[in-house]
Amino acid sequence: MALQFALNRLFVVTANMGSVFEDSTVDQNWLAEFEKVVVQADPDLVALHCQEVGGKDFELCMPKVQDFVRKLRSLRCFTHFDRCRGWFDTDFEDSDGFTALGALYVFHKRVEPVHLWDFEGKEFCEVKGNEIFFKSLSDNFHKKARFPNDYYPGVKWSRKGYLHSRWRMFGSRVINFVNTHLFHDDDNLIALEKSPSIYCGYRKRALHHLLQDVSTAVEGGVEPIFIYGDFNFRLDLSAVVKHILTTNHEARFVRSDNGIVSRIVYNSTQDSGEQPVMTVERKKFVPRSGTQFTEHYAELLQYDLELKAFSALRELPVTFQPSYPFSEELHEGSKYMDKRCPAWCDRIVMNEPGLKLVNESPLGCMYNMMAKGICVGDHKPIYLFFTVASTIPMTHLPDESLDA
């Protein structure tokens, strides 16, 4: 059979949607910024991972999810995309399995054929048409799991988990996509107590669990695995505070009626009349100047340490500013909220075969942040664009008129 060389363009993106469903303007901003980048990339595959589907107030906003996904799939940038598969976990009444994760994979007409792994039947099945599942996600073509509740002590119920799908496309190439949402920092003061923080330990345990589970579904460690989502990775807060402060500052501890520290105020010892250099509370992180995170953020990458605990995972160099927590005010799309230390929570990481695939991209690659300066919620989406060379049987080549 005659073979034809093809160059396939992949656009993978992760987006925490916690703030998107609460304001219709944020919804519109998000879709517009997403479409703008997709048009620029001109991909053959768009692989979108979402977290916090339905938003923070998911009982109220969950009914909006299907309409949002419909608008997303109907964007003009998808005019020539003829197949998709999607899973959106919207069943918040399932107290044992709800994850609020969503994934959508959309394929251009010029990609033939595409197969999806049946986790129960143990075989690849060809993808035809458009199918998007909501609520119970009761099909065999993905694997969804929630992290055990005891992985996050002190919290009665957590929706954090992961969603795995396995694809064969671009000739006979098998690629795994895993969406995940790891545990967050609940208390800035606790995160400040030691390095690494206890929250870092919770995330480390959960990610090890995910890697062990995913490895059982792939062949011998040779398949590319792309894990992307809201890892909730945080900077080493104690080290960041020391970096921002100097020896000319002192800490004042404010205690509540029960004697527990409720606020730490860092003041200059040289000018007692100045505004505090920094204030830290349970859910507040207020530096006097935010330029450290908007202009000089490269200096802070040395305190971004959580991924280093996983020798099997790789990431492209991070050249964009922290993706969280941006202001949810429509006119403040470039500002951070004063609730957490800004961090690179939203990431796209991969195993060694995945990195090899990206590094061999004939047209190079781009790892970047969407919606700079535009309000799309408290998380900015992060994307990776790269190309994959493949050979395709002549019988599967699309009609060139589709690209006209």
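None of the values given here were measured: they were computed from a predicted structure.
- Taking the ring-ring contact (aromatic ring centres under 6.0 Å, His included) definition, one finds that Phe285 meets it with nothing, sequence neighbours left out.
- Here the options are Lys160, His49, Gln51, His181, the test is side chain to side chain donor-acceptor pair (under 3.5 Å), and the partner is Asp230; only His181 passes.
- For Arg146, the salt bridge (Lys or Arg N to Asp or Glu O under 4.0 Å) criterion is met by no residue, not counting sequence neighbours.
- Note that NE2 of His209 and CZ of Phe147 are 6.5 Å apart. Values are rounded to the nearest 0.5 Å.
- Side-chain atoms of Asp346 and Thr14 include no donor-acceptor pair closer than 3.5 Å.
- Residue pairs satisfying the salt bridge (Lys or Arg N to Asp or Glu O under 4.0 Å) criterion with at least one member in residues 54-63, sequence neighbours excluded, are listed as follows: Lys56-Glu328, Lys56-Asp378.
- Remark: Lys204 pairs with no residue by the salt bridge (Lys or Arg N to Asp or Glu O under 4.0 Å) rule, at least two apart or across chains.
- In terms of the salt bridge (Lys or Arg N to Asp or Glu O under 4.0 Å) criterion, Asp23 has no residue partners (sequence neighbours excluded).
- Residues satisfying the side chain to side chain donor-acceptor pair (under 3.5 Å) test with Asn232, not counting sequence neighbours, are Arg234.
- When the side chain to side chain donor-acceptor pair (under 3.5 Å) test is applied to Arg9, no partner is found at least two apart in sequence or on another chain.
- Residues satisfying the salt bridge (Lys or Arg N to Asp or Glu O under 4.0 Å) test with Lys335, not counting sequence neighbours, are Glu332.
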**OP:** Given ring-ring contact (aromatic ring centres under 6.0 Å, His included), test Phe310 with His208 step by step and report yes or no.
**Re:** CA-CA 8 Å; Phe310 298 89; His208 271 301; 4.6 Å; yes
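- Checking side-chain atoms of Lys64 against main-chain N and O of Val20 turns up no donor-acceptor pair under 3.5 Å.
- The aromatic rings of Tyr152 and His184 are tilted relative to each other, their planes meeting at an angle between 30° and 60°.
- Applying the side chain to side chain donor-acceptor pair (under 3.5 Å) rule to Lys372 yields the partners Asn368; only residues at least two apart in sequence or on another chain are considered.
- Looking at residues two or more places apart in sequence or on another chain, you find a side chain to side chain donor-acceptor pair (under 3.5 Å) between Arg159 and Glu52.
- Residues in residues 38-51 take part in these salt bridge (Lys or Arg N to Asp or Glu O under 4.0 Å) pairs, two or more places apart or across chains: Asp42-Arg110, Asp44-Arg110.
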Please tabulate, one pair per line, all N/O donor-acceptor pairs under 3.5 Å involving side-chain atoms of residues 114-121, not counting sequence neighbours.
| unit_1 | atom_1 | unit_2 | atom_2 | d |
| --- | --- | --- | --- | --- |
| Asp118 | OD1 | Glu120 | N | 2.9 |
| Asp118 | OD1 | Gly121 | N | 2.8 |

